[in-house]
J.: 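One structure, pasted below without further comment.
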Amino acid sequence: MSSSSLSPAGSSDGDSAGVVVAADHRREKRRLSNRESARRSRLRKQQHLDELVQEVARLQADNARVLARASEIAGQYARVEQENTVLRARAAELGDRLRSVNEVLRVVEEFSGVAMDIQEECPPDDPLLRPWQIPCPAAAHMLQY
């Protein structure tokens with residue numbers, strides 16, 4: 001009887017040790033799995049960070065190009081605006097001269113009886129005298145990016 005009572009007790013101790021070993025094994029396996037998962041997560045995070053750094057560099061380069069182009073266009077605009085100011089002043093001066101010449105010609109016309117009037121208005125069919133109506137291919141080029 002005593003041998004039969006020892007057998008179940010001995011078997012119980014062996015099962016208990018096996019359960020502990022199996023639990024330790026599962027815990028170690030889970031720890032390794034978690035470690036590997038964390039490593040993969042860090043790699044993904046680093047790859048994402050590298051991609052973001054590359055995108056920042058690309059966007060900074062694009063921004064520098066856009067700023068350089070904007071500066072170039074602003075310079076062209078300033079030069080054209082300055083040229084337009086000079087041309088407007090010149091056109092006003094020439095208009096004043098033309099009016100003065102026409103006044104002199106009217107006086108001469110009164111004395112001579114011959115019509116000597118010079119047109120103050122540009123003929124409507126002369127596109128060279130109306131530059132704001134001429135399509136300018138350079139303007140389209142300046143606005144391209």
Side-chain angles (χ1 to χ4, degrees), residues 6-145:
L6 285 179
S7 177
S11 159
S12 170
D13 285 344
D15 287 344
S16 157
V19 168
V20 169
V21 169
D24 285 345
H25 180 70
R26 281 193 309 270
R27 220 173 314 158
E28 183 63 26
K29 189 175 176 183
R30 189 169 48 244
R31 189 179 6 224
L32 290 174
S33 175
N34 287 346
R35 197 174 288 161
E36 181 61 24
S37 178
R39 185 186 70 79
R40 285 191 311 265
S41 177
R42 285 190 302 272
L43 282 175
R44 278 192 309 271
K45 198 175 191 181
Q46 185 62 43
Q47 286 173 342
H48 184 66
L49 180 63
D50 292 345
E51 290 170 3
L52 290 175
V53 166
Q54 288 174 354
E55 185 176 0
V56 165
R58 182 186 58 79
L59 290 173
Q60 286 175 336
D62 287 349
N63 194 27
R65 279 192 296 275
V66 167
L67 287 174
R69 182 68 179 140
S71 176
E72 179 185 327
I73 289 172
Q76 289 175 349
Y77 175 79
R79 286 189 296 278
V80 167
E81 189 65 29
Q82 183 180 16
E83 185 179 345
N84 281 346
T85 301
V86 169
L87 291 174
R88 283 186 193 106
R90 195 167 166 199
E93 180 187 340
L94 289 174
D96 290 344
R97 282 183 173 181
L98 182 60
R99 280 186 283 284
S100 296
V101 169
N102 274 337
E103 288 176 17
V104 170
L105 288 177
R106 280 190 202 101
V107 170
V108 170
E109 182 181 282
E110 287 178 14
F111 288 111
S112 69
V114 178
M116 299 188 165
D117 196 23
I118 298 175
Q119 284 185 339
E120 288 187 30
E121 293 288 323
C122 297
D125 59 342
D126 189 356
L128 294 177
L129 297 176
R130 297 189 183 277
W132 53 89
Q133 294 177 348
I134 298 174
C136 184
H141 171 67
M142 285 175 36
L143 297 177
Q144 289 177 351
Y145 167 69

J.: In a table with atom names and distances, give each donor-acceptor pair under 3.5 Å that connects a side chain of residues 19-34 to protein atoms at least two apart or in another chain.
T.:
from, atom 1, to, atom 2, distance (Å)
Asp24, OD1, Arg27, NH2, 3.0
Glu28, OE1, Arg31, NE, 3.2
Glu28, OE1, Arg31, NH2, 2.8

J.: With sequence neighbours excluded, tell me which residues meet salt bridge (charged side-chain N to carboxylate O under 4.0 Å, His left out) with Arg42.
T.: none

J.: I'd like to know if Arg97 and Glu93 make a salt bridge, using a cut-off of under 4.0 Å between side-chain N and carboxylate O.
T.: yes

J.: Decide, yes or no, whether a salt bridge links Arg69 with Glu72 under the criterion of side-chain N to carboxylate O below 4.0 Å.
T.: yes

J.: For Glu110, give me all partners under salt bridge (charged side-chain N to carboxylate O under 4.0 Å, His left out), at least two apart in sequence or on another chain.
T.: none

J.: Glu103 vs Arg106, test: side chain to side chain contact (heavy atoms under 4.5 Å, CB included). Steps then yes/no.
T.: CA-CA 5 Å; Glu103 288 176 17; Arg106 280 190 202 101; 3.9 Å; yes

J.: If you measure from CD on Gln82 to CG on Leu87, what distance do you get to the nearest 0.5 Å?
T.: 10.5 Å

J.: What pairs of donor and acceptor atoms, side-chain ones from residues 51-61 against any protein atom, are under 3.5 angstrom apart with sequence neighbours left out?
T.:
from, atom 1, to, atom 2, distance (Å)
Arg58, NH1, Asp62, OD2, 3.3

J.: Nearest 0.5 angstrom please: Gln46 CD to Leu43 CG, how far?
T.: 8.5 Å

J.: When rounded to the nearest 0.5 angstrom, what is the spacing between CZ in Arg88 and CD in Glu81?
T.: 6.0 Å

J.: Salt bridge (charged side-chain N to carboxylate O under 4.0 Å, His left out) with Arg44: which residues, sequence neighbours excluded?
T.: none

J.: Is the shortest side-chain N to carboxylate O distance from Arg39 to Glu36 below 4.0 Å?
T.: yes

J.: Just wondering, do Asn102 and Leu105 contact through their side chains at under 4.5 Å, heavy atoms?
T.: yes

J.: Does Asn84 have any side chain to side chain donor-acceptor pair (under 3.5 Å) partners at least two apart in sequence or in another chain, and if so, which?
T.: none

J.: With a 3.5 Å distance limit and no angle check, can you tell me whether Ser71 reaches the backbone of Leu67 through a side-chain donor-acceptor pair?
T.: no

